[in-house]
Amino acid sequence: MADAATQNSNNEQKYKQYHPYQQFDVPIQNLYNLPTSPEYLFHEEALNSRRSWGENLQYYTGSGYLTGAVLGAIKGSVEGLRQAEPSDTLKLRINRVLNSGGQVGRRFGNSLGILGLIFAGMESGLIYLRDSDDLLNTVAAGLGTGAIYRAAGGLRSAAIAGAIGGVTAAAAVAGKQAVKRYVPI
C-alpha cells in the first residue's frame, strides 16, 4: 500500500499536466462559457419559436420510420423465432429470424413513415392557414392523417382511423405538456 502511494507521487513529479492557455492570464472556466440560448443569423428567425415545415417533415417522417422499423423488427424477430421448427439448424433459424424481422420492420417503418409525412404536411398547412400553432392544429392534423391513411377502406374505416389519429395526437400533446411541467430537465 505504501509502495503504491510512492509510485503515484513519483508519477506526479515525473509528468506535468499540459495546459495550453497558461501563457494567457485567463481562468479556464471563462474560456468555454458558451451561451445557452440559440443564436440566429436574422432577427426574424429569433421571433419564430417553432420548427419550419421542412424540419417538421423530416422530423416526423424520420422518427416515424425509425420507430416503425424498430418495432416491426422486434415483432418480426419474435414471429421468426416462433416459426422455427425443431429440425432446423442454427443457421436456418438465424436466417428465418433475420428475414422475418427485416420484412416486418420494413413494412412497419414504411407505414409509420408515411403517417409522419402526411401528419407533418397537414400540421404545417394548418399552421400556415390559421397562423397559429396550438392544440387544435395538432388534433386536426391527426384526425386528417388517420382519415386519409384509411380512406381506401371506406367511409367507416376512415372515420374510425381519423378518430384514433385525433385522440393519439391529443394524447401526445398532453403527454408533452405533462413532461414539460412535471419532469425537471
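- Following chains of ILVMFWY side-chain contacts shorter than 4.5 Å, one cannot reach F119 starting from Y65, and the two form parts of different hydrophobic clusters.
- The distance from the OG1 atom of T61 to the CG atom of L66 is 12.5 Å, given to the nearest 0.5 Å.
- The line from CD of E123 to CG of N56 is 5.5 Å long, rounded to the nearest 0.5 Å.
- To the nearest 0.5 Å, the span separating CG on L90 from CG on N95 amounts to 11.0 Å.
- Nearest heavy-atom pair, A120 versus L57, reported as atom, atom and distance to 0.1 Å: CB-CA, 3.7 Å.
- Note on W53: it clusters hydrophobically with L117, by side-chain heavy-atom contacts below 4.5 Å among ILVMFWY residues.
- Side-chain atoms of S100 come within 3.5 Å of backbone N or O of G76 as a donor-acceptor pair.
- At distances below 3.5 Å, at least one donor-acceptor pair connects side-chain atoms of T67 with backbone N or O atoms of S63.
- Under the rule for a side-chain contact (heavy atoms from CB on, under 4.5 Å), the partners of S132 that lie at least two apart in sequence or sit in another chain are R130, D134, N137.
- Listed here is the closest heavy atom pair of Y149 and L115: CG-CD2, 3.5 Å.
- In this structure, M122 is a member of the same hydrophobic cluster as I114, with clusters built from ILVMFWY side-chain heavy atoms closer than 4.5 Å.
- Q83 contributes no side-chain N or O that, together with a main-chain N or O of G80, makes up a donor-acceptor pair within less than 3.5 Å.
- Side-chain contact between K75 and L71: absent, with no pair of heavy atoms (C-beta onward) separated by less than 4.5 Å.
- With hydrogens and angles ignored, the 3.5 Å screen pairs a side-chain donor or acceptor of R93 with a backbone N or O of E85.
- Put simply, the side chain of N110 never gets that close to the backbone of R107: no donor and acceptor are under 3.5 Å apart.
- One finds the OG1 atom of T138 at 8.0 Å from the NZ atom of K176 (value rounded to the nearest 0.5 Å).
- A continuous path of hydrophobic side-chain contacts links V173 to V139 [ILVMFWY only; heavy atoms under 4.5 Å].
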